[in-house]
Amino acid sequence: MTATIAYADVEPGTELPAQTFPVTRETLVRYAGASGDFNPIHWNERFAREVGLPDVIAHGMLSMASAVRVVTDWADDPSAVVEYGVRFTKPVVVPDDGKGAVIEVSAKVAAKLDDEARTVRVDLTATSAGQKVLGMSRAVVRLA
């Protein structure tokens with residue numbers, strides 16, 4: 001696969017389509033099974049509260065992976081992402097209320113990095129319940 005967005009068609013400030021990602025307790029159970037991360041802070045409300053959390057929280061890597069989907073969907077190619085990193089700033093609290101939580105992600109092209117390699121830096125903003133949950137969220141993307 002190759003990215004379908006042309007390097008020549010983007011400029012710094014180009015906004016990617018924003019997306020929202022619902023996270024329920026069922027999502028956490030499924031992610032735990034797939035990842036092998038069965039830490040009780042992700043499924044046991046009593047334990048989460050005992051260790052000082054407000055409730056069960058989403059896996060950090062689930063939040064990180066959800067956010068980068070904005071970039072992979074935009075590029076139309078997951079392999080176009082050649083570098084990606086974040087800082088975890090706040091947990092995504094997932095109440096057991098039938099609704100869960102929502103991660104809201106927006107992104108924009110921050111810089112064109114290399115004309116020859118056709119790479120751009122995309123900065124992402126991820127929030128949940130009005131709180132920024134990822135900081136310094138950046139991806140380097142190779143475009144067509």
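Just so it is clear, the model here is predicted, and its values are computed rather than measured. Positions are given from 1 along the sequence. Atom set for the values below is all heavy atoms of this structure, side chains included, hydrogens, waters and symmetry mates excluded.
Distance OG1/Thr14 to NZ/Lys108: 10.5 Å, rounded to 0.5 Å. The distance from the CG atom of Asp55 to the CZ atom of Arg25 is 5.0 Å, given to the nearest 0.5 Å. Put simply, CG on Leu53 and CG on Asn44 are 11.5 Å apart, with the number rounded to the nearest 0.5 Å. To the nearest 0.5 Å, atoms CD1 (Ile103) and OG (Ser63) are separated by 4.0 Å. Atom OG of residue Ser35 and atom NE2 of residue His59 lie 4.5 Å apart, to the nearest 0.5 angstrom.
Identified under the side-chain hydrogen bond (donor to acceptor under 3.5 Å, both in side chains) test for residues 64-80, with sequence neighbours left out: Gln19-Asp73, Asp77-Ser79.
Counting all heavy atoms, side chain and backbone alike, Ala110 lies closest to Asp123 at CB-OD2, 3.3 Å. Summarising the geometry of Phe38 relative to Trp43, their closest heavy-atom pair is O-NE1, 3.0 Å, with the distance given to 0.1 Å. Pairing each heavy atom of Ala3 with each of Ala144, the nearest pair is O-CB, 3.2 Å. When all heavy atoms of His42 and Ile57 are compared, the pair lying nearest together is ND1-O, 2.8 Å. Between Tyr7 and Lys112, the closest heavy-atom pair is O-NZ, 3.1 Å. Contact detail for Pro54 and Val93: the closest heavy-atom pair is CG-CG2, 3.6 Å.
Here the options are Val71, Leu124, Val122, the test is side-chain contact (heavy atoms from CB on, under 4.5 Å), and the partner is Tyr84; only Leu124 passes. Under the side-chain contact (heavy atoms from CB on, under 4.5 Å) rule, Val56 has a single partner from Arg46, Glu45, Arg49, which is Glu45.
The backbone N or O of Ser128 sits nowhere less than 3.5 Å from a side-chain atom of Lys90 that would complete a donor-acceptor pair. Formation of a donor-acceptor pair under 3.5 Å by the Arg87 side chain with backbone atoms of Gly135 is not found in this model.
Grouped with Met136 in a hydrophobic cluster is no other residue, since no side-chain heavy-atom contact under 4.5 Å to another Ile, Leu, Val, Met, Phe, Trp or Tyr is found.
In terms of the side-chain hydrogen bond (donor to acceptor under 3.5 Å, both in side chains) criterion, Glu116 has no residue partners (sequence neighbours excluded). With sequence neighbours excluded, the residues that form a side-chain contact (heavy atoms from CB on, under 4.5 Å) with Glu104 are Thr20, Val102, Thr127. Annotation: side-chain contact (heavy atoms from CB on, under 4.5 Å) contacts of Val140 (sequence neighbours excluded): Val82, Glu83, Leu113, Thr119. Looking at residues two or more places apart in sequence or on another chain, you find no side-chain hydrogen bond (donor to acceptor under 3.5 Å, both in side chains) involving Asp97.
Under the 3.5 Å distance criterion, with hydrogens and angles disregarded, no donor-acceptor pair is assigned to the side chains of Asp37 and Tyr31.
Linking ILVMFWY residues whenever their side-chain heavy atoms come closer than 4.5 Å, directly or via other members, places Val109 and Leu134 in the same cluster. The same ILVMFWY cluster, assembled from side-chain heavy atoms under 4.5 Å apart, contains both Leu28 and Phe21.
Annotation for Arg142: atom CZ does not count as buried by contact number, only 12 or fewer foreign heavy atoms lying within 6.0 Å.
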